[in-house]
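For clarity, every value in this text was computed on a predicted model and none was experimentally measured.
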Amino acid sequence: MLTRFTLKNYQLTIAVFVMIALLGVNSFINMPRSEDPQLDGSYFYVVGVYPGASPEDMEQLVVEPLEEAINELDDIDYLGSSVNDGVAMVGVEFTYDVDAEKKYDEVLRQVNNIRNTLPQELYSLDVYRWSTVNVNILQYALISEDAAYSEMEAQAKRLKKAIEKTSSIKKVEISAFPEQEIHIDIDLQKLAQKGIAINNVLSAVQSGNANIPGGELDMGKNKFNIKTNGNFETLEDISNTIIHAGNGNIVYLKDLAKITLSYADESHLGRFKGKRALFISANQKEGTNILQVVEEVNKNIGSLASTLPAGM
């Protein structure tokens with residue numbers, strides 16, 4: 001019966017097959033593509049960093065309270081942890097049929113509930129969600145053998161902004177370079193001669209780099225917010241921080257310490273084909289096409305390559 005209908009109405013049959021073929025081609029062209037299959041998993045991990053703590057301290061002071069708090073949740077399929085010097089990770093996986101977004105909120109709530117009971121010296125405590133979408137699909141290497149890291153960082157930030165113009169890009173990160181730091185080397189002998197405690201020096205520097213709301217100024221029809229602006233902008237600003245004032249004498253930070261601009265210790269080195277490099281990495285948003293994303297990013301960033309300084 002079906003065979004007779006299709007043969008008798010062959011024009012309709014051909015039209016239907018053509019429509020199905022076009023739908024298939026359209027789906028193939030526009031379907032999302034990524035580095036890995038996009039899976040909506042319900043696996044989360046909590047990472048705590050406590051510099052100087054032994055594995056035993058991390059287990060007792062951080063891991064056990066976290067596990068007890070998270071274990072109160074329903075639908076847990078796996079709960080485990082790993083501990084090392086100064087760092088610990090607690091992983092939790094829920095059954096596949098749960099709402100992953102809801103479970104993330106629940107884990108975050110449990111962690112926040114006990115945060116105040118954990119050691120005050122805990123440097124960081126973060127909740128992460130495992131996702132295949134977080135895999136980087138692009139990585140550019142910015143290479144220079146002699147440029148200062150600060151100059152390379154500035155150029156890398158330009159490239160980062162160009163990549164972020166692509167709406168399908170989720171996150172862009174720069175890595176393999178040390179952060180700039182202000183080093184304050186205090187002369188303890190001068191500190192003792194002045195009779196100033198080192199805590200006073202720390203407090204003065206911290207308060208000198210703070211923006212403090214000062215209330216509001218009422219001028220009839222107009223009201224103005226007042227804020228003391230204390231952000232340090234130059235080394236001279238830091239050097240002129242007042243540490244102590246009394247009996248007509250003012251002691252500045254530069255009288256007690258040497259202030260220099262330097263880099264943090266290099267935790268890892270970046271190399272591309274044996275040459276010194278920074279890396280700019282990017283990952284895509286869910287439901288996007290990796291081929292289209294890469295093409296658009298390369299288009300946005302290509303024009304900047306010719307504007308880089310010589311030797312970079």
Side-chain angles (χ1 to χ4, degrees), residues 33-36 47 49 51-52 84-87 123-124 126 128 131-187 205 209 231-239 253-254 257-285 288-312:
R33 293 181 175 85
S34 61
E35 182 74 16
D36 298 302
V47 179
V49 178
N84 210 324
D85 289 321
V87 65
Y123 178 75
S124 64
D126 301 296
Y128 299 95
S131 174
T132 57
V133 182
N134 293 332
V135 175
N136 290 327
I137 63 167
L138 281 169
Q139 187 176 65
Y140 293 91
L142 182 63
I143 305 167
S144 178
E145 292 288 2
D146 49 13
Y149 273 120
S150 57
E151 185 179 357
M152 294 180 70
E153 180 186 1
Q155 296 300 327
K157 287 181 177 178
R158 289 181 60 218
L159 300 175
K160 179 177 182 285
K161 289 182 179 179
I163 297 174
E164 289 173 338
K165 291 180 179 179
T166 305
S167 59
S168 299
I169 287 295
K170 180 180 179 181
K171 187 177 182 181
V172 184
E173 293 182 321
I174 304 173
S175 59
F177 71 97
E179 296 283 352
Q180 283 190 305
E181 290 183 342
I182 302 296
H183 287 183
I184 301 177
D185 297 320
I186 299 176
D187 189 325
V205 173
N209 193 40
N231 283 345
F232 292 136
E233 295 183 358
T234 65
L235 288 179
E236 186 178 0
D237 292 340
I238 303 173
S239 300
L253 181 62
K254 61 185 177 183
K258 179 181 179 183
I259 300 95
T260 57
L261 178 63
S262 186
Y263 294 101
D265 294 336
E266 295 185 43
S267 58
H268 62 282
L269 302 176
R271 293 289 184 271
F272 181 77
K273 295 184 178 179
K275 296 182 178 180
R276 177 169 165 264
L278 304 188
F279 295 104
I280 306 105
S281 306
N283 53 49
Q284 69 185 99
K285 293 180 179 178
T288 56
N289 189 319
I290 186 173
L291 302 179
Q292 295 175 355
V293 174
V294 172
E295 182 180 358
E296 189 174 351
V297 171
N298 285 334
K299 183 179 179 181
N300 288 340
I301 205 173
S303 59
L304 292 179
S306 59
T307 65
L308 292 173
M312 189 178 301

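Annotation: side chain of R158 is in contact with side chain of T307 (closest heavy-atom distance under 4.5 Å).
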Inset, instruction - Give the C-alpha distance, both sets of side-chain angles, the deciding distance and a yes or no for side-chain contact (heavy atoms from CB on, under 4.5 Å) between I238 and I184. - result: CA-CA 9 Å; I238 303 173; I184 301 177; 4.3 Å; yes
Legend entry - Verdict with supporting geometry, V297 and Y140, side-chain contact (heavy atoms from CB on, under 4.5 Å): CA-CA 11 Å; V297 171; Y140 293 91; 3.5 Å; yes
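K161 meets the salt bridge (charged side-chain N to carboxylate O under 4.0 Å, His left out) test with no other residue; sequence neighbours excluded. Evaluation of the side-chain hydrogen bond (donor to acceptor under 3.5 Å, both in side chains) rule for K258 yields no partner, not counting sequence neighbours. Not counting sequence neighbours, the partners of N84 by the side-chain contact (heavy atoms from CB on, under 4.5 Å) test are V87. In terms of the side-chain contact (heavy atoms from CB on, under 4.5 Å) criterion, S167 has no residue partners (sequence neighbours excluded). Residues satisfying the side-chain hydrogen bond (donor to acceptor under 3.5 Å, both in side chains) test with D85, not counting sequence neighbours, are none. Applying the side-chain hydrogen bond (donor to acceptor under 3.5 Å, both in side chains) rule to S168 yields no partners; only residues at least two apart in sequence or on another chain are considered. S124 meets the side-chain hydrogen bond (donor to acceptor under 3.5 Å, both in side chains) test with no other residue; sequence neighbours excluded. Residues meeting the side-chain contact (heavy atoms from CB on, under 4.5 Å) test with A148, sequence neighbours left out: S150, Y263. For the ring pair (Phe, Tyr, Trp, His ring centres under 6.0 Å) test, no residue two or more places apart in sequence or in another chain qualifies with Y123. In this structure, the side-chain contact (heavy atoms from CB on, under 4.5 Å) partners of V172, at least two apart in sequence or on a different chain, are K160, I163, E164, I169, I280, A282.
For residues 288-299, the set of pairs meeting the salt bridge (Lys or Arg N to Asp or Glu O under 4.0 Å) definition, not counting sequence neighbours, is empty. Within the structure, salt bridge (Lys or Arg N to Asp or Glu O under 4.0 Å) contacts touching residues 134-157 (residues at least two apart or in different chains) are E153-K157.
A side-chain donor-acceptor contact under 3.5 Å links N283 to the backbone of K171.
Contact between N289 and L291 at its shortest, heavy atoms only, is OD1-N, 2.9 Å. Nearest heavy-atom pair across A176 and F279 is CB-CD1, 3.8 Å. Contact between Q284 and T288 at its shortest, heavy atoms only, is NE2-OG1, 2.8 Å. Between R276 and S144, the shortest heavy-atom contact is NH1-O, 2.9 Å. For N300 against A162, the heavy-atom pair with the smallest separation is CB-O, 3.5 Å.
One distance of note links CG of D185 with CG of D187; it measures 10.0 Å at 0.5 Å rounding. Note: L142 CG to I174 CD1 = 9.0 Å, rounded to the nearest 0.5 Å. Expressed to the nearest 0.5 Å, how far CG of L278 lies from CD1 of I143 amounts to 10.0 Å. I137 contributes atom CD1, which lies 4.5 Å from atom CD1 of I290 (distance to the nearest 0.5 angstrom).
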